[in-house]
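It should be emphasised that the depicted structure is a prediction, and the values quoted were computed from it without experimental measurement.
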Amino acid sequence: MRATLDLIPSVTIHPDRVCCFYSPNWQPCKPTKQSFDITESASEQYENDSASPHVIKFDHLLASDRKAHGSVSPIARRKLARAVDYLLLLTSEKNVYSRQTGRQFAMKVAFVTLTLPSTQIHSDNEIKSSCLNQFLIELKKRFKVNRYVWRAEKQKNGNIHFHIVIDRFIPYQSLRDIWNRICEKLGYVSRYRDEMQAWHKGGFRVRHDLLAKWDYKSQLRAYKSGVVSDWNSPNSTDIHSIRKVINLKAYIVKYMSKNEVVNRETGEIDEVLADQEGRIWGCSQDLSNIKGAQVVAGVNVIDEIVRLRHDDKIKMYHDPFFDVYYIRISQLHSKSCPSLFSAFAEYLLTQFNFQSQKSLHYA
């Protein structure tokens with residue numbers, strides 16, 4: 001029996017956009033690539049539809065380059081941005097006590113950096129498998145970290161390091177203790193201790209090559225701290241909340257998807273990030289391959305889409321295959337689009353067990 005194709009007007013809703021397109025529906029089942037064909041009726045119906053100037057071409061969809069080549073591709077950047085967007089939407093603001101100020105402050109997500117205590121002697125994949133993976137598992141078990149997004153980069157010295165955005169704030173000493181213990185499985189803390197004891201064998205010695213970024217007083221303070229801990233607690237981690245940033249999503253995505261280091265003063269590229277093995281970014285399972293709320297464009301939905309199309313304040317992108325309206329979910333509510341807003345709220349409830357519609361009004 002010959003397969004037939006119907007194209008159904010559909011809508012996908014994300015926190016920052018609404019996408020309109022035609023969803024393929026094969027009957028009785030999708031054909032194989034060898035028998036890939038479309039019916040004359042479907043082709044004529046949509047090529048002649050003046051309201052839908054979609055030309056049905058499928059060849060270019062079959063070829064894609066899935067290799068990252070050590071840098072974040074445009075497709076990967078969009079996926080990373082989507083994961084960050086949902087992470088921020090699903091994470092509630094919480095109060096955290098600051099030991100430095102003695103006060104509480106409001107935070108949404110925390111930014112973690114992990115480095116190796118000594119020179120990397122294992123492959124990138126082994127570091128990710130033995131160290132990063134266990135670190136993320138322990139964060140989930142011990143500190144109830146539910147969602148995260150991570151990015152791996154190569155430092156100038158050849159060591160791999162990691163940036164992670166998490167939905168909890170963790171005391172810095174606990175974070176350091178966990179990461180150093182995990183790194184010691186591969187001997188990185190022991191090698192750090194041997195290197196420091198050899199360098200400071202006759203007492204404190206300053207690292208002149210690091211003075212530009214690490215002044216004398218800071219080096220002396222680190223030396224004294226190292227002596228107290230017998231060099232068993234290297235400063236291999238950093239954690240801080242991201243505050244006073246107007247567009248938090250843009251800030252995080254730009255930082256975690258960069259492929260080069262730009263000099264802030266001159267605007268020139270100081271360093272192109274080196275290639276690495278394996279995955280260069282990842283996220284918690286529920287943030288992976290998010291599809292968004294998908295609905296068939298019924299009468300109510302079509303009316304709301306038309307309302308968005310005629311709103312001059314909403315940025316729109318038109319393509320022969322789809323239309324995208326860049327609008328935050330909170331704006332859908334204010335623009336009187338209850339069907340689109342409710343569909344997205346229902347999606348969050350079923351997909352993430354997220355039940356607060358009130359917070360969506362301000363997302």
Side-chain angles (χ1 to χ4, degrees), residues 12 14-17 19 64-91 107-116 124-125 127-128 131-133 135-136 139 145-167 237-292 315 317 324 326 328-329 363:
T12 297
H14 287 292
D16 64 338
R17 69 192 63 191
C19 183
S64 63
D65 183 7
R66 298 178 60 86
K67 296 181 180 179
H69 303 296
S71 62
V72 179
S73 67
I75 294 178
R77 190 181 190 277
R78 288 196 293 270
K79 290 184 177 180
L80 191 153
R82 183 162 296 169
V84 170
D85 210 357
Y86 276 85
L87 170 64
L88 295 174
L89 177 68
L90 297 168
T91 301
M107 59 85 62
K108 200 172 183 69
V109 294
F111 199 88
V112 174
T113 300
L114 307 175
T115 58
L116 294 177
D124 296 341
N125 283 334
I127 297 296
K128 294 171 188 175
C131 299
L132 176 63
N133 185 54
F135 178 79
L136 295 173
L139 288 191
V145 172
N146 295 316
R147 299 183 177 92
Y148 57 82
V149 178
W150 63 265
R151 165 77 196 274
E153 291 179 357
K154 281 283 194 177
Q155 296 175 286
K156 284 187 177 181
N157 60 11
N159 281 11
I160 195 169
H161 68 169
F162 305 99
H163 300 297
I164 315 174
V165 179
I166 60 177
D167 61 358
T237 63
D238 178 65
I239 182 169
H240 60 272
S241 63
I242 307 175
R243 295 183 291 166
K244 300 180 181 180
V245 176
I246 298 177
N247 192 333
L248 191 55
K249 174 192 171 184
Y251 174 85
I252 296 175
V253 172
K254 181 179 180 180
Y255 192 91
M256 298 192 72
S257 63
K258 66 180 185 291
N259 294 320
E260 63 271 331
V261 178
V262 179
N263 189 308
R264 293 184 179 181
E265 297 181 357
T266 65
E268 298 178 352
I269 297 176
D270 281 348
E271 175 190 2
V272 177
L273 299 181
D275 290 354
Q276 57 176 281
E277 297 177 332
R279 298 184 63 183
I280 59 177
W281 79 278
C283 58
S284 51
Q285 186 174 2
D286 62 349
L287 298 179
S288 178
N289 295 319
I290 294 177
K291 303 300 183 183
K315 183 180 177 182
Y317 176 80
V324 180
Y326 295 95
R328 297 296 303 181
I329 189 65

Heavy-atom pair with the smallest gap, counting every atom of [X] and [Y]:
X	Y	answer
V253	A81	CG2-CA, 3.6 Å
Y86	G292	OH-CA, 3.6 Å
R147	S284	CA-OG, 3.4 Å
T91	K108	O-NZ, 2.6 Å
T115	H161	CG2-CB, 3.8 Å

If you measure from [atom1] on [X] to [atom2] on [Y], what distance do you get to the nearest 0.5 Å?
X	Y	atom1	atom2	value
L87	I252	CG	CD1	7.0 Å
L80	W150	CG	CH2	10.5 Å
R17	T12	CZ	OG1	11.5 Å
L139	N146	CG	CG	11.0 Å
E153	I280	CD	CD1	9.5 Å
K128	R279	NZ	CZ	9.0 Å

Would you call [X] and [Y] a side-chain contact if the rule is heavy atoms closer than 4.5 Å?
X	Y	result
F162	I127	yes
H14	I290	yes
V165	V84	no
F135	I164	yes
I160	E277	no

Practice item. Indicate, with yes or no, if the rings of Y255 and F111 have centres closer together than 6.0 Å. Key: yes
**Study point:** Full working for side-chain contact (heavy atoms from CB on, under 4.5 Å) between K79 and N289
**Key:** CA-CA 7 Å; K79 290 184 177 180; N289 295 319; 4.2 Å; yes
Q.
Less than 4.0 angstrom from a charged side-chain N to a carboxylate O is my criterion; do R328 and D85 meet it?
A. yes
